[in-house]
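Reading through the structure tokens given below for one structure.
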Amino acid sequence: MAEEMTILDIGLNSKQFENFKYMNWAVNQTFTYANNTPFYALVNPVYYDYYNRIVRVNLEWFDGYVMGFHNQQNGIMSTRIATAIVNGIIGNVFQKRLVFDRVDKQSDYKAIDKLNDWVVKDNFLGKVKLASKYSGASGTSVLKINQSYKDVYTQALRQDQFFYETDFQGNITKITTFLKSYVNVFNNTDMEKEKNFFIVETRYYSSDIDIPTKIENLNGEIKTYYKKPTIPVPVVEYKVLYYQGRMFQNTMAQKQNMQSLKYYDLPEGFKAIVKKDFTALRFDTPCLLPFNDLGCYVLQINGQDPTIPNGMFGASFLTDIRSCLVEYELINAYSLRDLYNSQGRIGIPKNLTMNDINGQNNYDVSMANYEIYSGDPEKQKPIITQFEIRANEWSNKKDDCLKKMATILGMSPKVIASYLNPRGGFGKTATEVENDEASSQTFIEDKRANLTNTINKVIKTVLRFYGFSQNVSARFIEGENKMSPLQVKTIIFKYEQGLIDLREALRELNPNATESEVDDLVLRARERQKEMLSTEQLDIDNFGKYLNENEWER
């Protein structure tokens, strides 16, 4: 019988090459190539190696294509397992509703009503979820607030779109965001072809800016008075940079090849394109931001990266499980090879002539799973060989790899896949089920706490922009309220004994309700109590009337 075939075998016939060509086509169709090479030239040299080894590679795993690993030569398709893990964790963390509560219970609901309208209009929950995925993939993301005339909108940025600096308290003091890149395709010289332009936005604090303080109308002439601020104020500045060198390769862009360029020095053709794409931007001029801060808020859903004690970056879900990701992709690739090798192979004796074979209409010797061998004239029968696919073994190996990932991440395997059983095929005891649920809940609540801290900063800035001074806090609804009968009886007992008031009891019975919804429940409960009291008094009166009538008859 023939040995296992590889793509490098010289003796493969045309049909066998066709089969391998289809596998190579499948490899190319399973990944997405996403790269933002120009950005890395902006990175602070102190963190240059970190961005190259950690951020860039983690985002490649998240995008579904790791250069040098997923390719035809290795025969490894991308399962996008890293993307699935990040999406699965974030899906468990998020619920369908994000509710807002008043910090000051004496204030009205105007701020909350405005916030609820803005959240729907901005699709804020969707952008927070996207920023959470970015943060889970690389460790850090940013929620950025932009102004559009009389409104504001948010934008989720992933870590290859920004670089920031912080003070000792972790507050952003300067942030540079990558807006758009342009590749020169018009010039013929090699030097000009390698000149690439891109636009960046820088937000920082500055006291070197003129702030309008007074506007007067002097005989029909408008005069504006300016002054310098006494303390640094948040400003924004847009710049055009160009990079001299080749882009879109699996290498970090070199900072020495990056240069700034004034807008009026741009080539006319490129200037026209920029003017069309960014009509309202003023380049090379600091402009005052309409916020009390820079309007950019760091999101680190998995907390700070402990491997960089003095750093300012978050911990990615993917950094610690890279070896497991490689193992999972290899398992999938080798299982596919088993699937290919498990094709039924038929050995045909050479004594059968080609006419005999073609006449039977059962064999096609051009197919890869047919082979000619020297046969015994007395035993001229085809020999059929069928290898095992080993599907169960590969499936168990994949599940073990997923459990290993969950263990490294410090969470229950069911967060990754609900069907995974930590004990292998054995059922779990009630105590193990309860501990598993508690472990999953603890993991999720820890991520939600990191999220709400950033969300509260965003909504505070949004409310201040719209003129509201009230403070509002956000919290996630955990889903459908499933309270046991014992918990309900306990709450009722505490209310009847005077340990909690009506509002506190309704709050405990409805943990997912907003403050306004609890107020409505209190009003309805009190109305119901009045109805019950009036009904009870009516029953007493009727009962007394019944007694009097009986006594009269006696």
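The chain is numbered in sequence order, starting from 1.
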Considering only heavy atoms from C-beta outward, does the side chain of [X] approach that of [Y] to under 4.5 Å?
| X | Y | answer |
| --- | --- | --- |
| V142 | T177 | no |
| W394 | I331 | yes |
| T461 | Y297 | yes |
| L59 | V55 | yes |
| I492 | V488 | yes |
| N510 | V518 | no |
| V119 | I459 | no |
| R322 | N58 | yes |

If a pair satisfies salt bridge (charged side-chain N to carboxylate O under 4.0 Å, His left out) and one of its residues is in [range], list it, with sequence neighbours excluded.
| range | value |
| --- | --- |
| residues 297-320 | none |
| residues 325-334 | E327-K397, E327-K404 |
| residues 122-143 | D122-K127 |

Check: Would you find a donor on one side and an acceptor on the other, under 3.5 Å apart, between the side chain of N171 and the backbone of D167?
Finding: no
message = Looking at A137, is its backbone amide N or carbonyl O close enough to the side chain of S316 to form a donor-acceptor pair, meaning the two atoms are under 3.5 Å apart?
response = yes
Q) Do the ring planes of Y51 and F313 sit parallel (below 30°), tilted (30 to 60°) or perpendicular (above 60°)? A) perpendicular
Specify the closest pair of heavy atoms between [X] and [Y], including all atoms of both residues, with the distance to one decimal.
| X | Y | answer |
| --- | --- | --- |
| T452 | R475 | CG2-CA, 4.3 Å |
| Q300 | G314 | NE2-N, 3.3 Å |
| C401 | C324 | SG-O, 3.3 Å |
| I172 | V298 | CD1-CG2, 3.5 Å |
| N332 | S335 | O-OG, 2.7 Å |
| K447 | V93 | CB-CG2, 3.7 Å |

Ring pair (Phe, Tyr, Trp, His ring centres under 6.0 Å) filter on Y153, not counting sequence neighbours, yields none
Taken in chain and number order and not counting sequence neighbours, the residues that satisfy ring pair (Phe, Tyr, Trp, His ring centres under 6.0 Å) with F69 are W61
Using the salt bridge (Lys or Arg N to Asp or Glu O under 4.0 Å) criterion, which residues pair with [X]? Sequence neighbours excluded.
| X | value |
| --- | --- |
| K144 | E201 |
| K180 | D277 |
| D446 | none |
| R390 | D338 |

Taking atom [atom1] of [X] and atom [atom2] of [Y], what is their separation to the nearest 0.5 Å?
| X | Y | atom1 | atom2 | answer |
| --- | --- | --- | --- | --- |
| L125 | T154 | CG | OG1 | 10.5 Å |
| Y134 | I90 | OH | CD1 | 12.5 Å |
| T176 | F162 | OG1 | CZ | 11.5 Å |
| I301 | N453 | CD1 | CG | 12.5 Å |
| M411 | N92 | CE | CG | 8.5 Å |
| I85 | Y328 | CD1 | OH | 8.5 Å |

Verdict with supporting geometry, L294 and K174, side chain to side chain contact (heavy atoms under 4.5 Å, CB included): CA-CA 8 Å; L294 299 182; K174 182 179 180 181; 5.6 Å; no
With sequence neighbours left out, what residues match [X] under side chain to side chain contact (heavy atoms under 4.5 Å, CB included)?
| X | value |
| --- | --- |
| S323 | none |
| V128 | F94, F124, S132, L143, L451, I455 |
| D117 | none |

Is the gap between the ring centers of F317 and F62 under 6.0 Å?
no
Notebook entry, point to check: For atom NZ of K398, is the number of surrounding heavy atoms from other residues, nucleotides or ligands below 6.0 Å larger than 12?
Noted result: yes
Evaluate T140 against Y164 for side chain to side chain contact (heavy atoms under 4.5 Å, CB included), listing each step before the verdict.
CA-CA 11 Å; T140 305; Y164 62 94; 3.7 Å; yes
| message | Checking V152 against W118 for the side chain to side chain contact (heavy atoms under 4.5 Å, CB included) test, could you report, in this order, the C-alpha distance in whole Å, the side-chain angles of both residues, the deciding distance, and whether it holds? | response | CA-CA 9 Å; V152 290; W118 175 83; 3.8 Å; yes
*Go through the steps for N302 and S135 under the test side chain to side chain donor-acceptor pair (under 3.5 Å), then give the verdict.*
CA-CA 8 Å; N302 199 30; S135 177; over 6 Å; no
